[in-house]
Amino acid sequence: MEEDMSKILVFGGSGYIGSHMVRASIKLGHPTYVYSRPHSDHTEVLNEFQSLGAIVVKGQLDDHEKLVLALGEVDVVISALAYPQVLDQINIVEAIKVAGNIKRFLPSDFGCEEDRISVLPPFQAFLDKKKKVRRAIEEANIPYTYVSANCFGAYFVNYLLCPYDQRQEITVYGTGEAKAVLNYEKDIGIYTIKVATDPKACNRVVIFRPRTNIISQLELISLWEKKTGRNFSKIHVPEQEIVTLSNTLLDPLNIPVSIIHSVFVKGVTMNFEIGEEDIEASVAYPDLKFTTIEELLDIFLHDPPKPASAAFE
Ligand code: NAP
Ligand code: EMF
C-alpha cells in the first residue's frame, strides 16, 4: 500500500502546529519527511518522529541544493514555519520550481483567510507577507492548497480563559459578542494532511469553519463557568484601547493585539461568506470530525494540554 501513499515533507515540522501535521501524516500512513535546521533545539520531538519512522532532513532554509535534493524525494510539501520565517518560504518556492516534481504545496497560512480580510496595520503587514508567498506560488504555477485553519483552539483557550490561573477575572476584548472559530490543534493536523493529498483541494482555499466551533468570548466564558462551576468577573477592554495599543506598542508586540482586535472585536474569521470555489472542511470530509469547543473545554478540565510559548516574543 505504501507506494500509493504520497510522500510528505514538512518544514517547521518540529514546531507548535507542524508537529501535529507530522504526527497526522505518520498516522495516516504517509512516508513522512521533516526538514529541520542543523542546530535545531527541538531534538526531543525530532527523535520521537524518527522512532515513528519519519525521516529528518537537516538543512538551512537558504541552502538551495539541499532543498532541491529533499524536494526530489517527495510529492507533497507543507510549510508550518513561524512568523519570522514567512518570507524564507520564497526559497522553498524557488527550489520547487527547480525540482519540478511537487504535486502540492501548502504554505504556512493556518490562520485567518488573508485574501478576504483587511485588518489593523501590524497584523496586515504580517498577512501581506503571507499573501506575497501565495502570489509567488501562483506565479510559478505550483499546485497549491491554502488552509485557513482559523484560531488554534487550545492556544486561544489558554490565551482567553487562562485556565491554569486561579484568578477570578477574565479579560474580554471589546463587547465580547463577535463570533470566532476555534479549532483543536490535533484536528488541524489531521485535516491538513487530508486536504494536502485530496485532488479536490488542488488550487483551492480550504476553510476550517465547523458549526460546532463558532463561539463568542462571552459564550466561551459562560461555557467554562458551567463546566468548572466557577464564576468570573469580566473586565472589558474597550475597542479604542486595543486600537491605541496596536498603534503604540513596538513591533512585534503590536501584532498579537492587532490579531485580538481582528478576530475578537471585528470577527474576521466569521465575517465573510465561504465562496463557491472554496472548500469548508467539516462539510467536505464528513467521515472525519472536528473536536467541538465543548469537548475541547472537557480536555482542559481532565487532561490539560501544555500551554504554548507566545508566538511573538
Ligand atoms: P513555531 O512552532 O514557532 O516554529 C516552527 C518551526 O520553524 C520550528 O520548530 C523550527 O524548526 C522552524 N524554524 C526555521 N527557522 C527557524 C528560526 N530561524 N528560528 C526558529 N525556528 C525556526 O511555529 P508555529 O507557531 O507553529 O507557527 C506556524 C504557523 O501557524 C505560522 O504561519 C503562524 O502564523 C501560524 N499560527 C496560527 C495560529 C492560529 O491561531 N491560527 C497560532 C499560532 C501560529 P526546526 O527547529 O526543526 O528547524
Ligand atoms: O499570537 C497570536 O495571537 C495572540 C493573540 C498569533 C499567532 C496567532 C495567529 C493567529 C491567526 O489567526 C487567528 C497568527 C496568524 C493568524 O492568522
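As the structure lists them, so they are numbered: ligands from 1, and atoms in each ligand from 1. The first residue in the sequence is number 1, and the count goes up from there.
Of the candidates A82, C112, G153, it is A82 that places a heavy atom closest to atom 4 (O) of ligand 1. Of the candidates Y155, Y16, F152, F156, it is F152 that places a heavy atom closest to atom 44 (C) of ligand 1. Around atom 8 (C) of ligand 1, the closest heavy atom drawn from H39, H42, Q89 belongs to H42. Checking E185, M21, R37 against atom 13 (N) of ligand 1, the nearest heavy atom belongs to R37. Taking only non-hydrogen atoms, the option from L81, V133, V263 nearest to atom 12 (C) of ligand 1 is L81. Nearest-heavy-atom check against atom 45 (P) of ligand 1 across P84, A80, G13, S14 picks out S14.
At least one N or O atom of G15, backbone or side chain, sits closer than 3.5 Å to an N or O atom of ligand 1. When only interatomic distances are considered, the shortest N/O to N/O separation between Y83 and ligand 1 does not fall below 3.5 Å. Residue contacts with ligand 2: C112 is placed with a nitrogen or oxygen under 3.5 Å of a nitrogen or oxygen of the ligand (distance criterion only). Of the polar atoms of G111, none of the N or O atoms is found under 3.5 Å from an N or O of ligand 1, judged by distance alone. At under 3.5 Å, a nitrogen or oxygen of F110, whether backbone or side chain, sits near a nitrogen or oxygen of ligand 1. Taking only nitrogen or oxygen atoms, main chain and side chain alike, K130 reaches within less than 3.5 Å of ligand 1. Checked against a 3.5 angstrom limit, the closest N/O atoms of C151 and ligand 1 fall outside it. Checked by distance only, ligand 1 and Y35 stay at 3.5 Å or farther apart across all their nitrogen or oxygen atoms. Remark: ligand 2 and N150 share no N or O pair separated by less than 3.5 Å (distance only, no angle test).
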Go through the steps to decide whether F290 and Y184 satisfy the test ring pair (Phe, Tyr, Trp, His ring centres under 6.0 Å), and finish with yes or no.
CA-CA 8 Å; F290 277 95; Y184 189 34; over 10 Å; no
Test salt bridge (Lys or Arg N to Asp or Glu O under 4.0 Å) on D109 and R134 and set out the steps.
CA-CA 9 Å; D109 287 330; R134 284 189 177 187; 3.2 Å; yes
Dump the intermediate steps for salt bridge (Lys or Arg N to Asp or Glu O under 4.0 Å) on R135 and D128, then the final yes or no.
CA-CA 10 Å; R135 302 295 87 86; D128 286 347; over 6 Å; no
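Heavy-atom minimum distance, R209 versus I274: NH1-CG1, 3.6 Å.
Under 4.0 Å from ligand 2, not a single heavy atom of D109 appears. Contacts between F110 and ligand 2, counted as non-hydrogen atom pairs separated by less than 4.0 Å, are absent for every part of the residue. With a 4.0 Å cut-off on non-hydrogen atoms, F123 touches ligand 2 through its side chain and not its backbone. If you look at F126 next to ligand 1, the close heavy atoms, those under 4.0 Å, all belong to the side chain. Contacts of N150 with ligand 1, taken as heavy-atom pairs under 4.0 Å, involve the backbone alone.
Between the side chains of N254 and S246, no donor-acceptor pair is found at a separation under 3.5 Å. No hydrogens or angles considered: nothing links the side chains of T292 and T212 as a donor-acceptor pair under 3.5 Å. With no hydrogens or angles considered, a side-chain donor-acceptor pair links S79 and Q89 at under 3.5 Å. Under the 3.5 Å distance criterion, with hydrogens and angles disregarded, no donor-acceptor pair is assigned to the side chains of H64 and E94.
In the hydrophobic clustering, where aliphatic and aromatic side chains (Ile, Leu, Val, Met, Phe, Trp, Tyr) are joined below 4.5 Å either directly or transitively, V98 groups with V68.
Remark: distances from the non-hydrogen atoms of Y83 to ligand 2 are all 4.0 Å or more. For F11, the heavy-atom gap to ligand 1 stays at 4.0 angstrom or more. The shortest separation from a heavy atom of F152 to ligand 2 is not under 4.0 Å, leaving the residue out of contact. Under the 4.0 angstrom criterion for non-hydrogen atoms, D109 is in contact with ligand 1. Remark: distances from the non-hydrogen atoms of F156 to ligand 2 include one below 4.0 Å.
Within ligand 2, counting atoms from 1 as listed, the ones closer than 4.0 Å to a heavy atom of F126 are 14 (C), 15 (C). Below 4.0 Å from some heavy atom of C151 lie the following atoms of ligand 2, by number and element: 13 (C). Atoms of ligand 1 lying under 4.0 Å from any heavy atom of S36, numbered from 1 in the order shown and given with element: 45 (P), 47 (O), 48 (O). Listed by number with element, the atoms of ligand 2 under 4.0 Å from a non-hydrogen atom of I260 are 5 (C).
A salt bridge is absent between K132 and E139: the closest approach of a Lys/Arg side-chain nitrogen to an acidic carboxylate oxygen does not fall below 4.0 angstrom. Look at E169 and K234 and you find no salt bridge, because none of the NZ, NE, NH1 or NH2 atoms lies under 4.0 Å from a carboxylate O. R204 and D198 are not joined by a salt bridge, as no carboxylate oxygen comes within less than 4.0 angstrom of a charged side-chain nitrogen.
Every residue meeting the side chain to side chain contact (heavy atoms under 4.5 Å, CB included) condition with N203, not counting sequence neighbours, appears here in chain and number order: P143, Y144.
Atom CG of L250 sits in a sparse spot, with 12 or fewer heavy atoms from other residues, nucleotides or ligands closer than 6.0 Å.
Going from atom OG1 of T269 over to atom CD1 of I117 covers 8.5 Å, rounded to the nearest 0.5 Å.
Y191 places none of its side-chain heavy atoms less than 4.5 Å from the side chain of K186. Using a 4.5 Å heavy-atom cutoff, the side chains of L71 and F105 are not in contact.
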